[in-house]
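Input: a single structure, listed below in C-alpha cells.
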Amino acid sequence: TPILLHYILLMFLSVISGKPGSAAALDNCVFLGEEEKNSLYEDGDVVVGGLFPLHYSPVSSVAAYRIVFVHGIFLCIYGVFSSRGLRWMQTMTFAIKEINQRSDLLPQIKLGFHIRDSCNDIPVSLRAALLLVNGQPESVSGDESPGKHNGSNLGCAAINRTVSSVIIGDAASGVSMALLQSLGSFHIPLVSYFASCSCLSNQKEFPTFMRTMPSDTFQVRALARLVSYFSWTWVGVIGVESDYARFAIQLFLQESVQYGVCAAYTYFYPVVLSQHALDELLDVIQMSSSKVIINFSSESEMQRILREVQRRNISGLQWIASEAWATAKSLWEKSADLLMGTLGFAIRRAAVIPGLKQHLTCLSPSHIHESAFLAEFWEETFKCRLNGSVNSHSHGVGSDLDRPLCEGTEDLSDVYSPYSDVTQLRVSYNVYKAVYLVAHALQDMSNCKVGKGPFSHGTCADPKSFKPWQVRLILGEKINFDQNGDPIAYYDLLNWQKRPDGSLHLVKVGFYDASMLTGRSLVINDSAIQWPVGKQVYLSVAFRSVCSDSCPPGSRIVRRKGEPICCYDCVPCAEGEVSNMTDSLECLRCSEDTWPNNERNLCIPKTIEYLSYHEFMGILLCVASLLGACLSISIIATFYTYKDTALVRANNMELSFLLLVFLVVCFLVGLLFIGKPSDWLCRIRYPAFGISFALCISCLLAKTAVVLMAFRATLPGSNVMKWFGAKQQRASVLLGTAVQVIICLIWLLTSPPHATSNTHYHSATIIIECVTGSEVGFWCVLGYIGILACMCFVMAFLARKLPDNFNEARFITFSMLIFFAVWVTFIPVYVSTAGKYTVAVHIFAVLASAFGLLFCIFAPKCYILMLKPEKNSKKHIMQR
C-alpha cells in the first residue's frame, strides 16, 4: 500500500552501515512508530543481524498491520511460541561468542549480534529488518508506556546501537523474498538458514541472497524419487498459499511426470486457516482415493490441519513432510497416532555442535528477567508467570496474568522442550554455518592486501567499517556451491516412529544425495520403516496408492480419456501378441513360429501338427491300411489255392489277381499319408494314390467289358472275343493307367506337391502339410479316376441282367456306387478341413473305396469257395 511504501522510505533515510553519522546529517530524520525493545543485542565492531520466527499462527496479519498506522502501535499478536525458533536464535549467539573466543578467526575484531523476532510474517519481518539496518532511536527512560512516543520527538540522532550490514534470516521463503525486494536495492546481504524456495536461486533477481539451505529443486527431486520408489503414483499435494509452496508444488508436478506419478489433487490453503478453509481442505482429502499426502507448509499450518483431521476421525493417511516440518516434534504431542509412519526429508543433521547444549540450558535468572524472549520461553515452558516479567507478548486469547508465579525451582532438565533438544541439529546447524560464513568473509577482508583486493584498483575494505555491498562481494566469493549459490543438497529420510513410552523417535531410514548419479542418489532401508494403516494398526510394508492397479504382464494400458495418465484400464493383449512387463504401453507380436502362452506374457513355440503314427487316429488308420492289405493278400492266396476251380476260372482269373494286387497297393498307399510330410513323400503320395486307383478301376473296367463281350460272343456268327483276349485285356489296363501316369508326370514336372508349414489356419499351431502345388493337377487326377469309375459303372449297369450265377456285374455296380458315395462325400469335407484332419479324410476315402471294392467283388466268391464248395462247379455256374 502507499502507506507501507512511505513508511519504508522514511525508515531508509538514515545511514545504512557503520555508526550513526553526524547530527547535522540526521537532524531531519524522524522515526515513525513505537519504540521496540524486544530483541537480543550485543555490541561489537561488526554487528550481525538476525531474523528468526519466534511466533507462529497469525490471528490476522492484515489487522495487526492496520493497527500500526491507526494508533502508532505494531503488536505481534501470534498464538504459538516456537521454542525451536528460540534455539535457532541462541545458536546464533553461541556461534558469535565462540568466534569471539577464538584466536585464529577474527582476532582483531569483535562480532556482535542484533536478533529480532520476524513472527513469520512479512510486515513484522520488514519492520524488524529495517530496524536492524537503520537502527532505532532510544528514549532515555525505558519504562515509558507503549504508545507515548509516536515518533514525533525521536530523531535518528538518538540511535545508539550499531546497525547491521549483513542479516542472517529469514526462515520462510516468502518473507525472505519480501525482504530482498526491499533491501536488495541497498545491497544488504541476506544469508538464509531455512528459506528453500527455488525462486530465490535467481541470482539476477536476488544478487544479495545466499543460503546454507538447499534449494527446493533438490527436495522436490527427492520427493518425486521417494513416491516413485514405493510405487505411489496417485498422491495428493497440498501447500500453504505462499511462494515457498507454490514454487515447490509446481516443480514437483513437473518432476513427477518423468516417474509416472500423478497428482490426485493439488490444493493451496490460506495462511490464516479459518474453519471454512479447513472444511474445504478436508473435504478434498476425504473425497480422494489417494491416501498419500505431500504437504508443503510450516508446522503452524500443519497443527491446525491435524486438529481437524483428528476431529473428523480420519485415519490411514500417509503423510509426506516437506523439510519445513519434517523434524517439528511439537506436532507429535497431540497427534501422535496421526503422524505415526510419516516420512519426510530433513536437511542433514549435525552430529554435535560442541558446547551448544550447555549454552542453551545454562540460563541465568538475570538473563531470563532481562530478555523478553527468554522470559516468554520460561513462562510458556513451565506455565507460570515470572515476578516482574518483561514479557509483554499477547497471544490474542485470554490472559497470561492468571498463571501462578514461578517458584524459582524450575529446571529445564525436568521437562522436554524442543529448545534444549540437540539430537536433531539441522536448521540450527544451518544457522551455525551461516554465522561462520560471515565470519570467514570478514576474515578474508582482514587478510586483504592492498593492490590485490577484490574491489576497484585492487583496493581492500576496512573490516571494522565497510559498506554492505563490500561484504556481499566477499560472501559471494566465499560461497563455492553451485551456479545459483545453493549448497549441494543432502537430505536425511526420516520416519516418525513411536517409542514404547509414547514419545517420538525420528528414525533415519535413508538419504538423498544430489551429488550422486540419479540412479544412486536415493537410498532407503525399507525394513526400518513403520507404516500407518489405521489408528492403532501398523504394517511393515507400504500400502498402495494408485489411481489404477498395475496392468500385469499379458495386458496393456489404455488411457482413460480426459483423466491423468495414471488413470487407465488394462486390456488383454490381442491374439498373437504378448507383453512381458508390468504396465506395458503396447503388446508385441510373436514371430511366425511362436505363439502366446495362456497368460500372454511369453511367446512359446507353436504346436506342430501332422498326422503321426504315434497318435490314436494315425494308429487306427495305419491298422486299417495294413488290415486291408492283409485281407487282399489272403484273398490272393485263397484264389491261388482254388485257381483250378470253376468259380475262379469263370471270373477272369488273371484280372482278378491283378485287381487284388492293385488293391494291396491302394491299401498301402494310405500309409504314405501318415507321418511328418517331406517334399519327397509329398511327391510320391499323390501320384501313387492316383495311379493305384487308376489300375484298380481299369481292371474293373476290363472285367466288365469281358463279361459283356463274353455274352455277345455266344451269339451266332460273333467273333468279338478274338478282339478281347488276354493280351487285349492287359493292354486296356495299361492304357487306362498310362493316361493317369502322363497326368502325374506333367503335374510333377510343372508344379509338384511339396511340404509346407501352414501358420495361418490356426494361430497357435504350425500345420506341416503337403500342398498340391497345382490344384489343376490334383483335380485332374481325381477327375480321371472319376471318369474311369463312371465308365465302369455304366458298363456294369448294362450287364446287370446277365445270368446271376455267372455275372459279377451286379457286384461291380454296388462297388462303384460305394466308390461314388465315398468320393462325392470326400470332396466337400476335404475342402473344408485343414491339417491332419484333411489327411485323415483322404486316407479314409482311400480305405473306404478300397474296402468297398474288395468286399463287394471278392466277398461273395470267398464265401462260396470257403463255405459253399458244392456251388463251386461248372454245372452250378451254368444254371440260370
Q) Are the side chains of T91 and L425 in touch, meaning some heavy atoms are under 4.5 Å apart? A) no
Q. Does the pair R84/E299 count as a salt bridge with the N-to-O cut at 4.0 Å?
A. yes
Q) Does the separation of the ring centres of W531 and F230 fall below 6.0 angstrom? A) yes
Q) Salt bridge between R312 and E308, side-chain N to carboxylate O under 4.0 Å? A) yes
Q: Return yes if a side-chain donor-acceptor contact under 3.5 Å exists between S548 and R559, otherwise no.
A: no
Q. Considering all heavy atoms of both residues, which atom of N295 and which atom of S297 are nearest to each other, and what is their separation?
A. ND2-OG, 3.1 Å
Q: Decide whether D283 and Y267 meet the rule of one side-chain donor and one side-chain acceptor closer than 3.5 Å.
A: no
Q. With under 30° as parallel and over 60° as perpendicular, where do the rings of W496 and W332 fit, or are they tilted in between?
A. tilted
Q. Can the ring centres of Y193 and F52 be said to be less than 6.0 Å apart?
A. yes
(Q) Under a 4.0 Å threshold between the charged nitrogen and the carboxylate oxygen, would D513 count as salt-bridged to R520? (A) no
Q. Can you find a side-chain donor-acceptor pair between Y244 and S322 that sits under 3.5 Å?
A. yes
Q. Would you call the rings of F377 and Y419 parallel, tilted or perpendicular if under 30° counts as parallel and over 60° as perpendicular?
A. tilted
Q. Do NZ/NE/NH1/NH2 and the carboxylate oxygens of E380 and R403 come within less than 4.0 Å?
A. yes
Q) Should the pair R600-E575 be classified as a salt bridge under the 4.0 Å nitrogen-to-oxygen rule? A) no
(Q) Could you tell me if D216 and S196 have a donor-acceptor pair between their side chains, going purely by distance under 3.5 Å? (A) yes
Q.
For E333, is the CD atom crowded, meaning more than 12 foreign heavy atoms sit under 6.0 Å from it?
A. no
